[in-house]
Chemist: 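Below: one structure in structure tokens.
Values reported hereafter were calculated over all heavy atoms of this structure, with side chains retained and with hydrogens, waters and symmetry mates removed. Protein chains get the first letters and strands the later ones, always in sequence-line order, with residue 1 at the start of each.
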Amino acid sequence: MSGRASTGAAPRALRGTHDVLWPESARWEALVATFATLAASAGYRLAVTPVIEAASVFRRGIGDDSEVVGKEMYEFADRDGTPVALRPEGTASIVRAYLQHRPVLPWKVWYVMPAFRHERPQAGRYRQHHQVGVEALGSDDPDLDVEVIWLAHRFFGLLGLAEFELVVNSIGDARCRPGYVAELSRFLAGRAESLCAEHRGRIEANPLRLLDCKRPECIAATEDAPRMVEHLCEDCAVHFGRVQAGLSALGIGARLEHRLVRGFDYYTRTTFEFASGAIAASQNGIGGGGRYDRLAEAMGGPATPGIGFGIGIERVLLACDAERCFPAAPEPLDAYVIDLTGGEVARELTAELRRAGLAVDRGFGHRSLKAQLGAADRSGARAAVIVGDQELAAGTLTVRPLRGGEQRSVRRDELAGWLRALREASR
RNA sequence: GUGGGCGCAGCUCCGUUGGUUAGAGCGCCAGGUUGUGGCCCUGGAGGUCGGGGGUUCAAGUCCCCUCGCUCACCCCA
């Protein structure tokens with residue numbers, strides 16, 4: 001039982017979840033704004049989908065036997081018994097929305113969303129984490145793959161990240177993958193004894209996933225395993241060749257990684273991941289995605305190709321910390337209003353200044369001028385606006401710059417202009 | 001699920017071989033300045049030392065259990 005509950009201690013955020021508060025939240029704001037602007041610049045529109053879905057949305061799309069769905073998904077019976085789940089990732093939700101609304105193709109969306117996985121938290125891994133991402137449905141043009149990967153690459157660049165690597169692979173499609181998987185199985189069966197304990201008896205279950213097992217035994221055993229890119233059918237080979245050529249033409253370096261298969265069943269053809277070289281922890285994957293040309297069908301809809309990626313906000317910010325880039329640079333307040341005469345002036349003046357487009361906070365209660373000036377200083381405001389008995393009698397206001405400059409007396413009708421000038425001067 | 005590390009004030013932490021009333025810095029509040037922030041000085045608030053049990057004349061300190069945080073494995077953002 002909970003020791004906390006019995007001792008009546010104050011509640012805490014659940015394990016693996018966390019609060020994002022000022023000033024860290026300022027970086028979140030800026031990160032999301034950066035991503036939103038970038039996505040919009042490429043014709044992607046915001047999509048907001050529910051955090052809770054029928055469990056089948058993820059079971060059918062991601063795969064029952066995948067790690068994420070099989071043992072990490074938050075799944076439970078709704079009050080009426082319906083199996084529901086908190087989304088473990090974004091793509092399946094977006095494809096569900098596509099099937100429900102059938103927008104005109106191609107359909108390009110971006111999102112920022114929480115995702116949930118019940119696993120033991122550690123550095124860079126949470127039970128509720130957050131992602132920004134895009135999904136583009138309705139075209140299998142390799143240039144769409146290039147566009148999507150470019151967006152992620154560009155985003156990291158905009159944040160100031162430099163130490164990251166892009167790895168790509170193609171895992172083929174329904175025509176060529178089964179043959180490859182069969183060959184891989186034969187290969188692995190021949191050396192089952194040298195695989196790690198966990199995979200030794202499970203070659204048949206999913207031989208592909210065995211490729212990215214990080215245990216030394218498996219890595220050694222699969223060193224010269226057959227490679228997917230050498231078994232692609234003509235169409236897939238041409239497609240992947242164009243993706244690689246397109247990336248190269250845009251100056252995006254990508255390393256071909258034969259072991260890259262990704263953890264979700266729905267991927268076909270292009271898969272990719274971004275790994276930060278600046279994060280010491282092993283959780284250095286900052287983004288990943290791929291093409292999922294059969295997902296819409298698997299979920300019961302018409303065949304619709306698609307591709308997308310998800311980027312982990314928490315991990316990207318960890319990488320930014322490590323590279324000392326993308327600092328929080330919140331826009332300061334223009335003014336902090338201090339009213340020593342009872343509060344009526346502050347009430348009306350703050351509303352007036354805010355309507356004029358200025359960012360204004362104020363003191364509440366009846367604290368001393370000294371105390372309120374201290375609060376004004378801590379608020380980071382560019383100036384304090386003081387109204388006391390002297391100002392009331394003279395019909396003026398005192399403006400005191402807090403970052404250098406002379407205090408002066410101004411008329412109320414020239415206050416906004418004066419504050420704007422102060423803002424411009426500080427830029 | 002399996003391991004390691006750590007739990008003392010809001011935060012970062014001292015606390016001797018167990019020994020009076022548990023401390024510091026920062027932060028917060030107030031005063032020094034009857035209307036002036038930052039620097040300085042003084043004072044104050046704030047702790048069942050995570051919780052429970054045990055050993056002992058005596059436990060923040062030793063032992064057991066438990067809860068929590070954290071790092072790592074698996075996997076992933």
Chemist: For RNA chain B, whose closest nucleotide is more 5', that of Leu373(A) or that of Arg127(A)?
Modeler: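 Result: Leu373(A).
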Chemist: Under 4.0 Å between a side-chain N/O of Gln122(A) and OP1 or OP2 of rA72(B), yes or no?
Modeler: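 Checking rA72(B) against Gln122(A), a side-chain N or O does come within under 4.0 Å of OP1 or OP2.
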Chemist: Does the rG38(B) base have a donor-acceptor partner in the side chain of Lys370(A) within less than 3.5 Å?
Modeler: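 Counting by modelled atom types and ignoring angles, no donor-acceptor contact under 3.5 Å is found here.
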Chemist: Rounding to an integer number of angstrom, what distance separates rG25(B) and rC65(B) when you compare their P atoms?
Modeler: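 These two P atoms come out 39 Å apart once rounded.
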Chemist: To the nearest Å, give me how far apart CZ (Arg12(A)) and P (rG68(B)) are.
Modeler: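 So the two atoms are 10 Å apart, to the nearest Å.
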Chemist: Between rA59(B) and rG19(B), how far apart are the two P atoms, rounded to whole Å?
Modeler: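 About 11 Å, rounded to a whole number of Å.
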Chemist: Between rU12(B) and rG60(B), how far is it from one P atom to the other, in whole Å?
Modeler: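 Their P atoms lie roughly 23 Å apart.
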Chemist: Check the distance between rA77(B)'s P and Ile286(A)'s CD1 and give it to me in whole angstrom.
Modeler: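 Roughly 12 Å, once rounded to whole Å.
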Chemist: With a 3.5 Å cut-off and just heavy-atom distances, do the side chain of Glu119(A) and the base of rA77(B) make a donor-acceptor pair?
Modeler: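 Checked by distance alone, the answer is yes.
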Chemist: Does rC26(B) have a Watson-Crick or wobble partner in any strand here, with both distances under 3.5 angstrom, and which is it?
Modeler: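 Answer to the pairing question: rG10(B), which forms a Watson-Crick or G-U pair with rC26(B).
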Chemist: Using a cut-off of 4.0 Å on non-hydrogen atoms, how would the nucleic acid contact of Glu89(A) be classed: base, sugar-phosphate, or nothing?
Modeler: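 Counting heavy atoms under 4.0 Å across all strands, no contact is made by Glu89(A).
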Chemist: Is Glu89(A) reaching over with its side chain to a backbone N or O of Ala92(A), donor-acceptor style, under 3.5 angstrom?
Modeler: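 Confirmed, Glu89(A) side chain pairs with Ala92(A) backbone.
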Chemist: Which is true for Gly388(A) with a 4.0 Å heavy-atom rule: it touches a base, it touches only sugar-phosphate, or it touches nothing?
Modeler: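 The residue Gly388(A) makes base contact.
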Chemist: If pairing requires Watson-Crick or G-U wobble contacts with both distances under 3.5 Å, which nucleotide is the partner of rC39(B)?
Modeler: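 Because no pair has both required distances under 3.5 Å, rC39(B) counts as unpaired.
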Chemist: Roughly, in whole Å, what's the span from CH2 in Trp22(A) to P in rG10(B)?
Modeler: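 Rounding to the nearest Å, CH2 of Trp22(A) and P of rG10(B) are 24 Å apart.
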Chemist: Report which part of the nucleic acid Ile386(A) touches: base, sugar-phosphate, or nothing (heavy-atom distance under 4.0 Å, all strands).
Modeler: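 Contact class for Ile386(A): base.
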Chemist: Between Leu340(A) (CG) and rU34(B) (P), how many Å, whole number?
Modeler: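 Distance check: Leu340(A) CG to rU34(B) P gives 13 Å.
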Chemist: Find which nucleotide of RNA chain B each of Gly312(A) and Arg15(A) is nearest to by heavy atoms, and output the residue with the more 5' nucleotide.
Modeler: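 Between the two, 5'-proximity favours Arg15(A).
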Chemist: Using a heavy-atom cut-off of under 4.0 Å over every strand shown, decide if Gly124(A) touches base, sugar-phosphate, or nothing.
Modeler: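 Counting heavy atoms under 4.0 Å across all strands, the contact made by Gly124(A) includes a base.
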Chemist: Measure the distance from CZ on Arg378(A) to P on rG10(B) and round it to the nearest whole Å.
Modeler: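 Taking CZ of Arg378(A) and P of rG10(B), I get 18 Å after rounding.
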Chemist: Under 4.0 Å between any heavy atoms, over every strand shown, what does Phe264(A) touch: base, sugar-phosphate, or nothing? Just pick one.
Modeler: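 Sugar-phosphate, backbone atoms only, no base.
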Chemist: Looking at Arg367(A), I'd like to know whether one of its side-chain N or O atoms comes within less than 4.0 Å of OP1 or OP2 on rU36(B).
Modeler: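 Looking at the OP1 and OP2 atoms of rU36(B), neither is under 4.0 Å from any side-chain N or O of Arg367(A).
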Chemist: Using a distance-only test with no angle check, is there a side-chain donor-acceptor pair under 3.5 angstrom linking Thr270(A) and Asp145(A)?
Modeler: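 Distance-only check passes for Thr270(A) and Asp145(A).
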Chemist: Would you say Arg60(A)'s side chain and Leu295(A)'s backbone share a donor-acceptor pair under 3.5 angstrom?
Modeler: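 No, the answer is negative, given that no donor and acceptor are paired below the 3.5 Å cut-off.
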Chemist: For Glu147(A) and Tyr44(A), does a side-chain donor sit closer than 3.5 Å to a side-chain acceptor?
Modeler: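 A donor-acceptor contact under 3.5 Å links the two side chains.
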Chemist: How far does the P atom of rG37(B) sit from the matching atom of rC28(B), given to the nearest Å?
Modeler: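 Taking atom P in both rG37(B) and rC28(B), they lie 14 Å apart.
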Chemist: Start with the C-alpha distance between Glu119(A) and Lys71(A), add both sets of side-chain angles, then the distance that settles salt bridge (Lys or Arg N to Asp or Glu O under 4.0 Å), and finish with yes or no.
Modeler: CA-CA 8 Å; Glu119(A) 48 194 344; Lys71(A) 28 196 276 199; over 6 Å; no
Chemist: Expressed in whole Å, how much space separates the P atoms belonging to rG46(B) and rC41(B)?
Modeler: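 Their P atoms lie roughly 24 Å apart.
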Chemist: Using the P atom on both, measure rC63(B) against rG1(B) and round to a whole Å.
Modeler: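 That atom pair is separated by 27 Å.
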Chemist: Mind checking who rC69(B) pairs with, Watson-Crick or G-U wobble, both distances under 3.5 Å?
Modeler: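 By the stated definition (distances under 3.5 Å), rG5(B) pairs with rC69(B).
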Chemist: Rounded to the Å, how far apart are Phe164(A) CZ and rA77(B) C1'?
Modeler: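 After rounding, the gap between these two atoms is 16 Å.
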Chemist: Looking only at side chains, do Thr91(A) and Tyr292(A) share a donor and an acceptor under 3.5 Å apart?
Modeler: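 Short answer, no.
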Chemist: Across the strands shown, which category fits Ala123(A) at heavy-atom distances under 4.0 angstrom: base, sugar-phosphate, nothing?
Modeler: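 Sugar-phosphate only.
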Chemist: So, under a plain 3.5 Å distance rule, would you say the side chain of Gln407(A) forms a donor-acceptor pair with the base of rG37(B)?
Modeler: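 For Gln407(A), whose side chain was compared with the base of rG37(B), there is no donor-acceptor pair (under 3.5 Å).
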Chemist: Expressed in angstrom and rounded to an integer, what is the separation of Arg315(A) atom CZ from rC75(B) atom P?
Modeler: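 Interatomic distance, CZ of Arg315(A) to P of rC75(B): 13 Å.
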Chemist: Have Glu391(A) and Thr398(A) got a donor and an acceptor in their side chains that come within less than 3.5 Å?
Modeler: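 Yes - a donor-acceptor pair under 3.5 Å links their side chains.
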Chemist: Going by atom types alone, do Arg403(A) and Ser426(A) pair a side-chain donor with an acceptor below 3.5 Å?
Modeler: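 No pair is found: no donor N or O on one side chain lies under 3.5 Å from an acceptor on the other.
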Chemist: Does Glu391(A) reach a base, just sugar-phosphate, or nothing at all? Heavy atoms under 4.0 Å.
Modeler: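 Base contact.
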Chemist: If you compare every side-chain N and O of Arg120(A) against the phosphate oxygens of rG3(B) (OP1, OP2), does one of them come in below 4.0 Å?
Modeler: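 It does not, given that no N or O in the side chain of Arg120(A) lies less than 4.0 Å from OP1 or OP2 of rG3(B).
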Chemist: Taking only the P atom of each, what is the distance from rG23(B) to rU48(B) in whole angstrom?
Modeler: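 Approximately 15 Å lies between the P atom of rG23(B) and that of rU48(B).
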Chemist: Does the ring of His130(A) meet both stacking tests against the six-membered base ring of rA77(B): centre distance under 5.5 Å and plane angle under 30°?
Modeler: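 By the stated criterion, His130(A) and rA77(B) do not stack.
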Chemist: Can you tell me how far C1' in rA58(B) sits from the matching atom in rA22(B), rounded to whole Å?
Modeler: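 Comparing C1' positions in rA58(B) and rA22(B) gives a spacing of 16 Å.
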Chemist: If I take atom CZ in residue Arg362(A) and atom P in nucleotide rG37(B), what distance separates them, rounded to the nearest angstrom?
Modeler: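 It is 21 Å, rounded to the nearest whole Å.
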Chemist: Please work out if Gln283(A) contacts a base, only the sugar-phosphate, or nothing of the nucleic acid, heavy-atom cut-off 4.0 Å.
Modeler: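 It contacts base atoms.
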Chemist: Give one of base, sugar-phosphate or nothing for Ala371(A), where a contact means two heavy atoms less than 4.0 Å apart.
Modeler: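 Ala371(A): backbone/sugar contact only, no base atoms under 4.0 Å.
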